[in-house]
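Quantities reported herein were computed from a predicted structural model and do not represent experimental measurements.
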Amino acid sequence: MLRLKAFRPTSDKIVKIQLHPTHPWMVTADASDRVSVWNWEHRQVIYELKAGGVDERRLVGAKLEKLAEGETDSKGKPTEAIRGGSVMQVNFYDDDVRFWQLWHNRFAAAEAPSSVHHLTSAFSSPAPSTKGRHFLVICCLNKAIFLDLVTMRGRDVPKQELDNKSLLCMEFLYRSGGGDGPLVAFGGSDGVIRVLSMITWKLVRRYTGGHKGSISCLMSFMAASGEGLLVSGASDGLLVLWSADHLQDSRELVPKLSLKAHDGGVVGVEISRVIGGAPQLITIGADKTLAIWDTVSFKELRRIKPVPKLACHSVASWCHPRAPNLDILTCVKDSHIWAIEHPTYSALTRPLCELTSVIPPQALASNKKLRVYCMVAHALQPHLVATGTNIGVIVCEFDPRSLPAVAPLPTPVDSREHAAVYVVERELKLLNFQLNNSANPSLGNNSSLSETGRSWGDFVEPLPIKQGRKQINTPVPHDSYSVLSMSSSGKYLAIVWPDIPYFSVYKVSDWSIVDSGGARLLAWDTCRDRFAILESSLPARIPIIPKGGSSRRAKEAAAAAAQAAAATASAASMASVQVRILLDDGTSNILMRSVGARSEPVIGLHGGALLGVAYRTSRRVSPVAATAISTIQSMPLSGYGSSGLSSFTTFDDGFSSNRSPAEAAPQNFQLYSWETFQPVGDLLPQPEWTAWDQTVEYCAFAYQHYIVISCLRPQYRYLGDVAIPHATSAVWHRRQLFVATPTTIEVVFVDAGVAQTDLETRKMKEEQRMKEAQARAVAEHGVLALIAVDGPKTTTEERISLRPPMLQVVRLASFQHAPSVPPFISLPKQSRVDSDDSGMAEERKASEIAVGGGGVSVAVTRFPLEQKRPVGPLVVVGVRDGVLWVIDRYMCAHALSLSHPGIRCRCLAAYGDAVSAIKWASRLGREHHDDLAQFLLGMGYATEALHLPGISKRLEFDLAMKSNDLKRALQCLLTMSNSRGIGQDNTGLGLTDILNLTDKKEDVVEAVQGIVKFAKEFLDLIDAADATAQSEIAREALKRLAAAVSVKGALQGHELRGLALRLANHGELTRLSGLVNNLITLGLGREAAFAAAVLGENALMEKAWQDTGMLAEAVLHAHAHGRPTLKNLVQAWNQMLQREMEPASSQKTDAAAAFFASLEDPKLTSLADAGKKPPIEILPPGMMSLSAPFPVQKKPALAAQNSQQPPGKPLALEAPPTATTAEPPSAPPPQPSESTPAPVTDSAPSQSTPDSQPDLVAAPSQPESEETDVDKIEAPASASANDADQTASGETVQSASTSSPAPTPTGTTPAEAAPKPAEAQDTNVPTPVSIADFLA
């Protein structure tokens, strides 16, 4: 599978290219000597400069820096003003480049059987040298440019400082002496190699006497003996070896070995790692040949001409699991990337890909041909290959999801040696590996901090591993790309060759074949030894196009290839999914010949607890696309096709990166049951891979940008997704999912939590078990067994709190160094200022160890620094011996340590051993205990997390509540609120106590403030204690809360009401009475009345309302309950209303204001009218006037009955509408009084006479919780203009009758009162107004 990863069009051809190993950076130089640094992941240009000439920006910047530092103009010309000339080479240099180059050299040398012991032991990383800086190094003819991409400050080294010789190539020396720092070697035009120190910027040594021509290429590597070597190639065709170990300070070094490599000059040199052998050198020359050399004997192993009549200009070592026999990539000036087979085979050259088919169609003009001028393979991600062409930069991606052909075997119980089986060169081999040290650093001894030479927090050094390879005397039938998988029991190994297509199932005990046939895909069941295959017939052979054949034969071969592809597509569309089972005797039986009734072709199989089948969607189908998922067109070896067809072809596999983000993934993935072969659930988007837990509790579906994690028990439930993009494989280990991506290794800690469905399922299962037990008892003892004797039973209610699912991702390994703060680059006058002090201090900080009690070493970091991820695609073996094992493409096992306490505690907790996790927490700094406790809480270990000594009180309270340890929760609350001495004997502080504070009472006020701060926690604790019948704890909390009421605004209204209810529930009547008095003092009438209602004291309720100015509520309460204080309350209320209605005192006005006021209409006609203003009198429904001379009240019988409080009826505060009466003709017309506005009356007002009170009917009901809210009283709609009441001289007179009466309010009973004529009254007699009219 081939994809276009990135494309950057350029106007000029790209002649030099290089990739950064860890960052997505690419540096290119075009034919015009313009250098660009490009982020190929985000498609952004980071930096550009004109290296061939004089870059004006850099020149101006250098001058400004000198002016800022106070330097005068120097005598000579600044180095930035020197023309660079042609760009010969570009490269990056930083700690990552240095580390990975040394890593490659070290492990390539360690593959040799004759390698020394220290090469196979743990790899010690070099000390950081650049301290966070990222150098861009440009080698030009006239100078070398060192530019720091972080600070954008540079240093130019002209050729005058290097013996005035032109610079043609460069290479960094990684095993340099300590004093000179990083060294860079430049190949000169005179055949001499000159070494420059990047600390002193001086020439430190020369390599002379090796070449007679100009040096064209340099490369450093390590021999199997462990010696560092430098190899150089020159225009004289010689290949010269030099010693790169500068343990002795020598100024002049002579060559170790010189040999003739090519005629016409050496163009390039590369090192190649060989599995099980010494590294090899690959050279390309101007004579159009490629030569392979042994690095032990330095003899020529093979010489070929990759492409006839064209010379190679780039070469790269390549090791991709999708093409296991293609080891070398090279490029000539055409549109292909060429691949060369392993030298042990025929060393044939085949086109890996045709770049014209990859780039966008509009990028290449119709009359223009694509030409490649340079090529480089990514050092750490072999699936990425970048090429520089005449139209721009092309970054190709070759099947990043392919994994090495290796499968781990189950480890015996009593063995510490682990094994894995892998396929290489038609052979089945066994890889044995184990930790080399006798004391396992992950088992928890105190010496584990220094066993690997470094401390926790800096795991740069991998763990020492002892491994070996054994050959199994069982040949495999094919040597193309293969996929290995193990059955759930570990008894059987399946190998699938999807390109053939063919599969074989081996019995692990004797490696005998128990099943085989034609299949492209295979998937195992997680629970039993059964598997599903996608049956496939052998495709038609693609004809070989001979080199140099005629065009007619080429057209015929192309037509035959198209016909074969169509036949393959037809066969793939007819293939069916078949399920087979392996019995104990080793025989294979077919369970189901065809799974699923869908007609679409199958493109993917995924095993697990359920069988997943992916179907090809019908909207995009091509003959090549229909073959299979992740299947590349046939990649044959020596006897099966040669050239003419690219090994990697572009096709749509369902995960195409060309799909726009807005385009939804097709629903083409169906799960089937292994037992019934019936579909389970609906169609899902097709995942790239699936991983199922061995205990069938969790599963993970991986997509391009995230991983979806679900739990399976007690029923399927989606837990969430984690943003881990481009994951290639994963392995479950209990509640831990170890994930490998092309650049990182992550672990996801998973817990399903507790959902409502879990509780329901648990209850249902308990009931089912009880019914089964009863059925068994009836079957054994008859119906009498159901008779149970009721005895004293103590039932404690179990509080099971719901817990959300938890997904926590921790990165274990990556390619990058830990980030550090870069200092400024050294300036010309600061030659040795950049010492290693800052780097050493930084490293000491990362490696710092605190010593806890008992001499236990404590890690001060939350997590360790990221370990170094092994290079290339990885197969995750799993956790064994307390470390995470992975196997790389070179069939080499690597161990990632999990012994840092922050990781180890989490692994143990996820495994289910929370007690050991708490023990290991003693090795973690106490400042990280809160973080660990939160993790334990998410995993369901709240009780165990309480044993962590460093957790905060707030978190301790939450954990205690979760674990039902309410006594400890109370102690935490008392400590946090500082209220241990509060609420013992007193019920709180009064207002006078707060106003008159003494020194002793200041602590009390602080405690009250603390209680107020944690009021919600106190209420939660009381509820939890009540639910679990722990009344003492609830009473202690109530004492503190009752004391906090003395502060106004401390508690909200709902909290005060909740406190009153809880005090009454616990019989704290004295404290409840004190609460009422405190609330009255603070002016909280509603809350005080509510508390008094809970207490059952009507007098206290009235006092609460009366003392806080809520007289309306007091009047209603007294009227509803027939209180003797009703008349006094009504009088006090009316007096308060009268005071509110009186006009304010006159203000000073000037003459003009008085004059304008005199022009207005007079509000009073005479002084006599002012005395006619009646006092306000508002009465409850049914109460007679306070000043009536003849208090005769007439009520209908219905109204009298309704005046009683019917049970369950709401309280009607307004009068019901009465029938409107016509005004008699003898009544005088109403005269509007303009003295003072009277209160607005109701839409159906009552008619008042001296001897007849208004016919008001009230159906009062007890207000809820004895609390009446005036704001909740519903006022009827205002009367219309025709029905508006007109108030004249203080009399309320009914206007002319209307045709329709006012609507009856809800909850009231209409009274049919007889119409009464309106009679004239004395204006001094007050007119009573109903309370409903007033409130309306």
query: Is a salt bridge present between Arg1062 and Asp1026, judged by a nitrogen-to-oxygen distance below 4.0 Å?
result: no

- prompt: What are the two closest non-hydrogen atoms of Ala942 and Lys962, and how far apart are they?
  reply: CB-CB, 3.8 Å

field: Under 3.5 Å donor-acceptor, Arg906 side chain and Val810 backbone
entry: no

query: Quick one: does Arg735's side chain have a donor or acceptor within less than 3.5 Å of a partner on Met939's backbone?
result: yes

field: Step-by-step side-chain contact (heavy atoms from CB on, under 4.5 Å) determination, Ile951 to Phe957
entry: CA-CA 10 Å; Ile951 56 175; Phe957 169 78; over 6 Å; no

query: From Arg1071 CZ over to His1066 NE2, what is the distance, rounded to the nearest 0.5 angstrom?
result: 12.5 Å

message: Donor-acceptor pair, distance only, cut-off 3.5 Å: does the side chain of His900 make one with the backbone of Gly902?
response: yes

field: CD on Glu1087 to CG on Leu1079, rounded to 0.5 Å
entry: 7.0 Å

task: Work out which heavy atom in Glu944 is nearest to a heavy atom in Ala914; give both atom names and the distance.
output: CG-CB, 3.7 Å

query: Any side-chain heavy atom of His1054 sitting closer than 4.5 Å to one from Arg1057?
result: yes

field: Pair Gln736-Val750, side-chain contact (heavy atoms from CB on, under 4.5 Å): steps then yes or no
entry: CA-CA 6 Å; Gln736 308 157 68; Val750 181; over 6 Å; no

statement: When every non-hydrogen atom of Ala1118 is compared with those of Leu1129, the smallest separation belongs to CB-CD1, 3.7 Å

query: Considering only heavy atoms from C-beta outward, does the side chain of Leu802 approach that of Leu759 to under 4.5 Å?
result: yes

field: Residue pair Ala1092 / Val1076: nearest heavy atoms and the distance that separates them
entry: N-CG2, 3.7 Å

- line: Rounded to the nearest 0.5 Å, the CG atom of Leu973 sits from the NZ atom of Lys1013 at a distance of 12.0 Å

- prompt: Would a distance-only check, ignoring hydrogens and angles, find a side-chain to backbone donor-acceptor pair under 3.5 Å from Arg717 to Thr757?
  reply: no

message: Using only atom types and a distance under 3.5 Å, with no angle test, would you say the side chain of His1117 pairs donor to acceptor with the backbone of Glu1102?
response: no

message: Check this for me, if you would: do Lys771 and Glu767 make a salt bridge, where the nitrogen-to-carboxylate-oxygen distance has to be below 4.0 angstrom?
response: no

- prompt: So, Gln715 versus Thr761: side-chain donor-acceptor pair below 3.5 Å or not?
  reply: no

- prompt: If you measure from the Lys or Arg side-chain nitrogens to the Asp or Glu carboxylate oxygens, is any gap between Lys763 and Glu766 under 4.0 Å?
  reply: no

task: Answer whether the closest heavy-atom distance between the side chains of Tyr941 and Ser963 falls below 4.5 Å.
output: no

statement: Ala917 and Ala909 have their tightest heavy-atom pair at CB-N, 4.0 Å

query: When you check the gap from the basic side-chain N to the acidic O, do Glu1032 and Arg1035 get nearer than 4.0 Å?
result: yes

message: Taking the side chain as everything from C-beta on, heavy atoms only, tell me whether Val1115 gets closer than 4.5 Å to Trp1105.
response: no

field: From CA spacing to verdict: salt bridge (charged side-chain N to carboxylate O under 4.0 Å, His left out), Lys1016, Asp1020
entry: CA-CA 6 Å; Lys1016 183 180 181 301; Asp1020 293 343; 3.1 Å; yes

query: Is Leu948 close to Ile918 at the side-chain level, that is, under 4.5 Å between some pair of heavy atoms?
result: yes

query: How long is the gap from OG1 on Thr943 to CG on Asn964, to the nearest 0.5 Å?
result: 8.0 Å

- prompt: With a 4.0 Å cut-off, would you call Asp913 and Arg734 a salt bridge?
  reply: no

Minimum-distance pair of heavy atoms, taken over all atoms of Gly925 and His929: O-CD2, 3.4 Å

- prompt: Looking only at atom types and distance, does a side-chain atom of Ser1073 sit under 3.5 Å from a main-chain N or O of Thr1070, one as donor and one as acceptor?
  reply: no

message: Under the criterion side-chain contact (heavy atoms from CB on, under 4.5 Å), I'd like the reasoning laid out for Leu1095 against Leu1075: C-alpha separation, chi angles, the key distance, then a yes or no.
response: CA-CA 10 Å; Leu1095 190 61; Leu1075 174 67; over 6 Å; no

- prompt: Is any side-chain heavy atom of Pro714 less than 4.5 Å from a side-chain heavy atom of Asp758?
  reply: yes

task: Any chance you could measure Leu1072, atom CG, to Leu1038, atom CG, to the nearest 0.5 Å?
output: 10.5 Å

- request: Could you walk me through whether Leu924 and Arg862 pass side-chain contact (heavy atoms from CB on, under 4.5 Å), step by step?
  value: CA-CA 8 Å; Leu924 190 65; Arg862 178 188 175 210; over 6 Å; no

message: To the closest 0.5 Å, what do you measure between CD (Gln971) and NZ (Lys953)?
response: 8.5 Å

query: Should Leu1041 and Ile1022 count as side-chain neighbours, where that means a heavy-atom distance under 4.5 Å?
result: yes

- request: Apply salt bridge (charged side-chain N to carboxylate O under 4.0 Å, His left out) to Glu1036 and Lys1039, showing your working.
  value: CA-CA 5 Å; Glu1036 288 294 325; Lys1039 291 178 184 178; 3.4 Å; yes

message: Between Arg954 and Asp958, does any side-chain N to carboxylate O distance fall below 4.0 Å?
response: yes

query: Quick one: are Asn1065 and Leu1061 in side-chain contact, heavy atoms under 4.5 Å?
result: no

